[in-house]
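Before any comments, here is the structure.
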Amino acid sequence: MTPADDTPLDLLGVGIGPFNLSLAALADGVPRLRTAFLDQRPRFHWHPGLLIEGSTLQVPFLADLVSMVDPTSQWSFLNHLRAEGRLFPFYFAERFHVLRTEFDAYCRWVTEELPSCRFGRRVDEVRWDAGREAFAVTVTPVDESGTPSADSHRLHARHVALGVGTVPRVPEQLRRFVDDPRMPVWHSSAYLDHRDDIVNRPHVTVVGSGQSGAEVFLDLLRHRPHGREGLSWVARTPAFAPMEYSKLGLEQFTPDYTKYFRGLKEPVRDRLLPDQWQLYKAISGETLGEIHDELYRRTVDGGWPDVRLTPGVHVGAAREDGLRIELSLSHAQQGTDATLHTDAVVVATGYDERPLGPVIGPLEPHMSLDASGRPEIDGAHRLVLDSRVGGSVFVQNAERHSHGVGTPDLGLAAWRSAVIVNSISEKVYSLPERTAFTTFGLRDPAFAPGTGRSTRTTTLHGS
């Protein structure tokens, strides 16, 4: 994987987050498959600003990089524990949901052991080279600060997998405050970097009703003195609602549901996604319970904590008020308005898919777009490209509009990676024909009476 060795790779991954790392791990099990995965960061670190003490994943430990497809892989979480000599402590801990810091350490262990993972390499551009019948990928080595440390060079690859991650979502009315380092307003992704400063502010407001907002609020509450908490938590959702975690409800995070969702018409998909917010934007019941427990403990000696939790509220505007921030709030159900003065704001409003254009701009003339101007993505998670391009560009966590709510879910990472590997390799992973008891549509073959659950597996190349 050097400029001197210009033989095209079979697969080049852009970005090394959990999804492309899953792909790297499963591709490692395919003989003679030449791969490389590049990331401009100096090392793997997963959402470092939110690795709050005690916070856990919202999916079971089996939703690691490989186990849902190949539990015998050397890159499984359990094998990581074995390698670290921690299997017995984990066994006795009886943890179904592991710590986020533990998942971060596991993924970093895989990146350090997998020879295909290379950090300090920034991918600047991907274009199709018809003469080489491969993608030409411009790569620039960078140092720990992100500064180029050497001249750019070019690699070639028959296929490319984009796993460029997400970017913090900040409402327009708060963006200039977040972008101004003088202002005490931060996105939750940077929470731990500024926690000491935030905790010492007289009054703090958390905006956003998802898991990140709940965890930030709980952490602040635990670090504030009794009776002088000085906390507000506001959100647009009509309630601080628990995430859907029933067993049948979770079947919407299966390949069966993904296939069903892909079969819906585009306007139906676009209407459906916002209605599914409790599947991926809500809060774990355990975290909600911990918040209530902490608030209840603060009433034992009489009085109520100095805390306001108000759902159904929209932040309409923000302005500087001396050394404080003034937020204009409106309540959707009441039709009322109010002004909130606060000393710091944590914006926990989630993430957006990172635009692909800066990297694959040269490929845009070859791409098919849907009616809303978004890339069309097929069943194998490939961009739909015209016949002038002979290779595939796979996308990871950039296809929620076409594949549904399971797109950013770690529980489907290994499955998606296996589908991608199956698309480019002679050795394929066996995947089950059916993954849910629910039949999501009337056209599902399993809807027919008398249809039993098949235990057979098949190899999926995607179409």
Q: Take Asp28 and Trp75 through the side chain to side chain contact (heavy atoms under 4.5 Å, CB included) test and state the conclusion after the steps.
A: CA-CA 9 Å; Asp28 184 63; Trp75 307 117; 3.0 Å; yes
Q | Evaluation steps, salt bridge (charged side-chain N to carboxylate O under 4.0 Å, His left out), between Glu102 and Arg86 | A | CA-CA 11 Å; Glu102 194 169 23; Arg86 298 179 54 232; 2.7 Å; yes
Q. Which is it for Leu38 and Phe119 under the side chain to side chain contact (heavy atoms under 4.5 Å, CB included) test, yes or no, and what are the steps along the way?
A. CA-CA 6 Å; Leu38 312 181; Phe119 290 86; over 6 Å; no
Q: Go through the steps for Arg122 and Asp124 under the test side chain to side chain contact (heavy atoms under 4.5 Å, CB included), then give the verdict.
A: CA-CA 6 Å; Arg122 187 185 70 210; Asp124 299 315; 2.6 Å; yes
**Q.** Intermediate values then yes/no, salt bridge (charged side-chain N to carboxylate O under 4.0 Å, His left out), Arg34 and Asp10
**A.** CA-CA 5 Å; Arg34 299 181 68 247; Asp10 296 304; 5.8 Å; no
Q: Kindly indicate, with the supporting measurements, whether the criterion side chain to side chain contact (heavy atoms under 4.5 Å, CB included) is fulfilled by Tyr429 and Val419.
A: CA-CA 8 Å; Tyr429 286 99; Val419 170; over 6 Å; no
Q: Go through the steps for Glu144 and Arg43 under the test salt bridge (charged side-chain N to carboxylate O under 4.0 Å, His left out), then give the verdict.
A: CA-CA 9 Å; Glu144 294 217 2; Arg43 63 191 62 82; 2.8 Å; yes
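At least one side-chain heavy atom of Arg269 sits under 4.5 Å from a side-chain heavy atom of Phe261. A heavy-atom distance below 4.5 Å is found between the side chains of Val137 and Val123. The closest side-chain heavy-atom distance from Leu21 to Cys117 is below 4.5 Å. Between Ile198 and Tyr191, some side-chain heavy-atom pair lies under the 4.5 Å cut-off. Counting only heavy atoms from C-beta outward, the side chains of Thr56 and Val98 never approach each other to under 4.5 Å. Counting heavy atoms from C-beta outward, Leu250 and Phe253 have side chains that approach closer than 4.5 Å. Under the 4.5 Å side-chain criterion, counting only non-hydrogen atoms from C-beta, Leu51 is in contact with His45. Val346 is not listed as a side-chain neighbour of Thr205, based on a closest heavy-atom distance of 4.5 Å or more.
By the 4.0 Å N-to-carboxylate-O rule, Glu133 lies too far from Arg158 to be salt-bridged with it. A salt bridge links Arg195 and Asp219; the closest N-O separation between the charged side-chain nitrogens and carboxylate oxygens is under 4.0 Å. With respect to the salt-bridge test (charged N to carboxylate O, under 4.0 angstrom), the residues Glu399 and Arg416 qualify. One finds no salt bridge joining Arg82 and Glu84 here, because no Lys/Arg side-chain nitrogen approaches an Asp/Glu carboxylate oxygen to under 4.0 Å. Contact check on Asp104 versus Arg100 returns no salt bridge, with no Lys/Arg side-chain nitrogen under 4.0 Å from an Asp/Glu carboxylate oxygen.
Here OG of Ser73 is found 11.0 Å from CG of Leu78. Values are rounded to the nearest 0.5 Å. In this structure, NE2 on His159 lies 5.5 Å from CD1 on Ile424, to the nearest 0.5 angstrom.
In this structure, Tyr351 has its ring center under 6.0 Å from that of His47. For an aromatic pair to be called close, the ring centres must be under 6.0 Å apart, and Phe103 with His80 fails this.
Checked against Leu23 for a side-chain contact (heavy atoms from CB on, under 4.5 Å), the options Ser417, Pro18, Ser116 give a single hit: Ser417. Considering His401, Glu266, Glu353 in turn, Glu266 is the only one that fulfils the side-chain hydrogen bond (donor to acceptor under 3.5 Å, both in side chains) rule with Arg374. Screening Pro168, Pro171, Ser189 against Val347 for a side-chain contact (heavy atoms from CB on, under 4.5 Å) leaves a single residue, Pro171.
Listed for the Arg354 side chain is no donor-acceptor partner under 3.5 Å among the backbone atoms of Val167. Checked by atom type and distance alone, the side chain of Gln40 never pairs as donor or acceptor with a backbone atom of Gly146 at under 3.5 Å. Arg41 contributes a side-chain N or O that, together with a main-chain N or O of Ile16, makes up a donor-acceptor pair within less than 3.5 Å. In this structure, Tyr257 contributes its side chain and Thr439 its backbone to no donor-acceptor pair below 3.5 Å.
Because its NZ or CZ atom is not both nearer than 6.0 Å to the ring centre of Tyr260 and within 45° of the ring axis, Arg262 does not count as a cation-pi partner of that residue. Geometric assessment of Arg95 against the ring of Phe90 yields a negative cation-pi assignment under the 6.0 Å and 45° thresholds.
No side-chain donor-acceptor contact under 3.5 Å links Asn79 and Gln74. In this model, no donor atom of one side chain and acceptor atom of the other lie less than 3.5 Å apart for Ser149 and Asp143. There is no side-chain donor-acceptor pair under 3.5 Å between Glu215 and Thr287. Side chains of Glu244 and Ser246: a donor-acceptor N/O pair is present below 3.5 angstrom, by distance only. If you check the side chains of Asp256 and Thr254, you find no donor sitting under 3.5 Å from an acceptor.
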